[in-house]
Amino acid sequence: MKMRTHTCGQLRSAEAGTPVQLCGWVDSVRDHGGLVFIDLRDRYGVTQCVFDPRDSQAAWDTAQACRSEYVVQISGEVRLRPADMVNPHMATGTIEVRSRSITVLNKAHTPPFPLEDRGAEHVGEDLRLEFRYLDLRRGSMQQALLLRHRVLQAARNYFDEQQFVEIETPVLTKSTPEGARDYLVPSRLCPGLFFALPQAPQQYKQLLMMAGLDRYFQIARCFRDEDLRADRQPEFTQIDLEMSFVTVEDIIAVVDGLIARVMQEAGHPVPALPLPRMTWREAMDRFGTDKPDLRFGMEIVDLAQVFHGTQFKVFARALENGGAVKAINAKGLFQAPIKMVEEDWTGLAKEGGLGGLAYIRVQQDGTWKSPIVKFFSEAEKTALQAALDIQPGDLVLFGADHADKVLPVLGRLRLLAGAHAGVIAPDQFRFTWVTGFPLFERSEEGRLVSVHHPFTAPVPEDLPLLDSEPEQVRAQAYDIVLNGTELGGGSIRIHDPEFQARMFKILGLPEAEVQERFRHLLRALEYGAPPHGGLAIGADRLVMLLAGRQSIRDVIAFPKTQKALDVMMNAPSAVDEKQLRDIHIKLAVTPKAEP
RNA sequence: GGGGUCGUAGCUCAAUUGGUUAGAGUACCAGACUGUCGAUCUGGGUGUUGCGGGUUCAAGUCCCGUCGACCCCGCCA
């Protein structure tokens, strides 16, 4: 005999008269003294079960003693509800189960927070995480996990159709000091040596191309020991892929198809393909960021022409020093609190290295209120109005300094202004590719470092600049961006061992270090490496955006808190002496007592 | 490492200028009720105001420290 014949979301009018047995959680008990109603819940839905003492006194007794979240088994018969008792808000609202017996499979304490989505949305997240198994009983959390499953399943199907092979790569691997901080795992068999958990399967997937696997993908867990954010967890999931004998165009086409498939699976409008593209330079100039949010305007406008030869010293000095004067028009925000503009936003500009933040508030009658307008000539005002399409009610924000300082500041102000104005449509999905990233940038110490990673191939026509002006060299790298979030990125890799060695040299890596860290890769390149490239998409971020959530924690079953703690399992935790002895570790600190 | 918001009943929150016995909704408990479905009605407060110290006649409120959650900067090749 099965424990249940149907699920709690399954029964309809067609089953009227059928004997059924249901299992689930007590969602609510409504005790009328005579009749008792139990709403029985499982993953699939809720079914109303009615207990009438005239049907079974024993069942009625048990039913009225049930409490929320008891796990019960109910058997009875499906019955059509009278027309005036149909509940149009329930999928199973046309029927109920006339119950003849009920078994309490397990009692339950009163939950520490309400499990109805209505009451649970404002519950402290730390409490939800401590009792995550209860939090995950909630419909909205189950929907999120279900969407995640469907998106990943759709990705698997898509890649399978495209002749990709799913291959697992090691989780115990080698530390790579560049990039993010590694999670380390001590080796018991090799005293004093450590594995690292992978930040990404980068080198393994390249080696799979050299193995001739040609098209690889993996839903890969990755680990980075860095500080957390709403969209960053120390362990996260990438949809990782790599292809041989391809150009940038081939990879973008495959990912375009994946995006379309996933959007369809999530029930969102499928974007027209190919997805739009812009260069990194254009993204920086128009949006002040390499991950532009295209859901609203307020784009950055260059004012070098407008203020050429201006009397306003701040702008004149910036332009004379090879800098820039740029602005955004925060449309309609002339009444933004002056405190926000002069303290929060100006503070942000100063953090970004600017001297301050100039602004104009355009009153409804068209007059410009601003500390700086008095320095502008009539011609400048006219040109400025035209350049920024200034209308009554607008707020114009200026930045004047070197472009690489001005642009990021205006980019961040644009996002704040857009949010403040409420013009960022939450239900829109605006994808864009960003291509042509610089290959190198200068580190704080002035050293040349890879923007992406040291295996990234340069754009061929920029090769002559490699030694003379390395910072002008563009990479064959690309990011896929959705609504201002970097979803993923990748590149065409270097497949020539001599060129790869030259790259390490340009990056200033000592030969000994190259040998220690990358010998396997350089050697593999010498045994017949195909041209190849790939990309990785942040699966958590993708699902978060598709689900309309604000945090990736909402689409991860068991996420960590901002201090990277698992407050349900209470991890990390102290270990005993013997465990430490086994792995040859001596603690330099006494662990803080656990909470 | 830095900036910010917060911490009061199981949960979500309130508590005037520092002033009586810390309240409300909900949950929970008990009772009533044969058609409810956010059931209803009656009754019940279940509290280490995160923790430690200080100021004061008096602290949920002010000060110092500390712990924790969240958001952001740095960081994330």
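In what follows, chains carry the letters A, B, and so on, assigned in the order in which the sequence lines appear, proteins first and then strands, with residues in each chain numbered from 1. What you see below is based on every heavy atom in this structure, not just the backbone, and it leaves out hydrogens, waters and symmetry mates.
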[X] near the nucleic acid: base, sugar-phosphate alone, or nothing, with a heavy-atom cut-off under 4.0 Å?
| X | answer |
| --- | --- |
| A:Arg30 | base |
| A:Val451 | sugar-phosphate |
| A:Arg54 | base |
| A:Arg79 | base |
| A:Leu565 | sugar-phosphate |
| A:Glu96 | base |
| A:Asp31 | base |
| A:Val449 | nothing |
| A:His32 | base |
| A:Leu348 | nothing |

Problem set entry | Side-chain heavy-atom pair A:Leu80, A:Ile95 within 4.5 angstrom cut-off |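 They are in contact (side-chain heavy atoms under 4.5 Å apart), so the answer is yes.
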
Exercise. How do A:Glu226 and A:Phe37 order along RNA chain B: which one's closest nucleotide is nearer the 5' end?
Worked result: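 The residue whose closest nucleotide sits nearer the 5' end is A:Phe37.
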
Problem set entry | Residue whose closest nucleotide on RNA chain B lies nearer the 5' end, A:Ala230 versus A:His453 |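 Nearest-nucleotide comparison on RNA chain B picks A:Ala230.
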
Exercise. Is it true that the NZ or CZ of A:Arg137 lies under 6.0 Å from the centre of A:Phe131's six-membered ring and within 45 degrees of the ring axis?
Worked result: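 No, a cation-pi geometry is absent between A:Arg137 and A:Phe131.
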
For this session: Could you tell me the separation between the CD atom of A:Glu125 and the P atom of B:G7, rounded to a whole number of Å?
Result: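 It works out to 17 Å between those atoms.
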
Under 3.5 Å donor-acceptor pair, [X] side-chain atoms to [N] base atoms:
| X | N | answer |
| --- | --- | --- |
| A:Arg232 | B:C76 | yes |
| A:Arg553 | B:C70 | no |
| A:Asp227 | B:G74 | yes |

For this session: Write down the partner of B:C70 under the Watson-Crick or G-U wobble criteria, each distance required to be under 3.5 Å.
Result: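 Partner of B:C70: B:G4.
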
For this session: Give none if B:U46 has no partner; otherwise give the nucleotide forming a Watson-Crick or G-U wobble pair with it, both distances under 3.5 Å.
Result: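 Checking every strand shown, B:U46 finds its partner in B:A27, with both distances under 3.5 Å.
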
Exercise. Does B:G68 have OP1 or OP2 sitting under 4.0 Å from an N or O in the side chain of A:Lys563?
Worked result: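 So the side-chain polar atoms of A:Lys563 do come within 4.0 Å of the phosphate oxygens OP1 or OP2 of B:G68, strictly under.
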
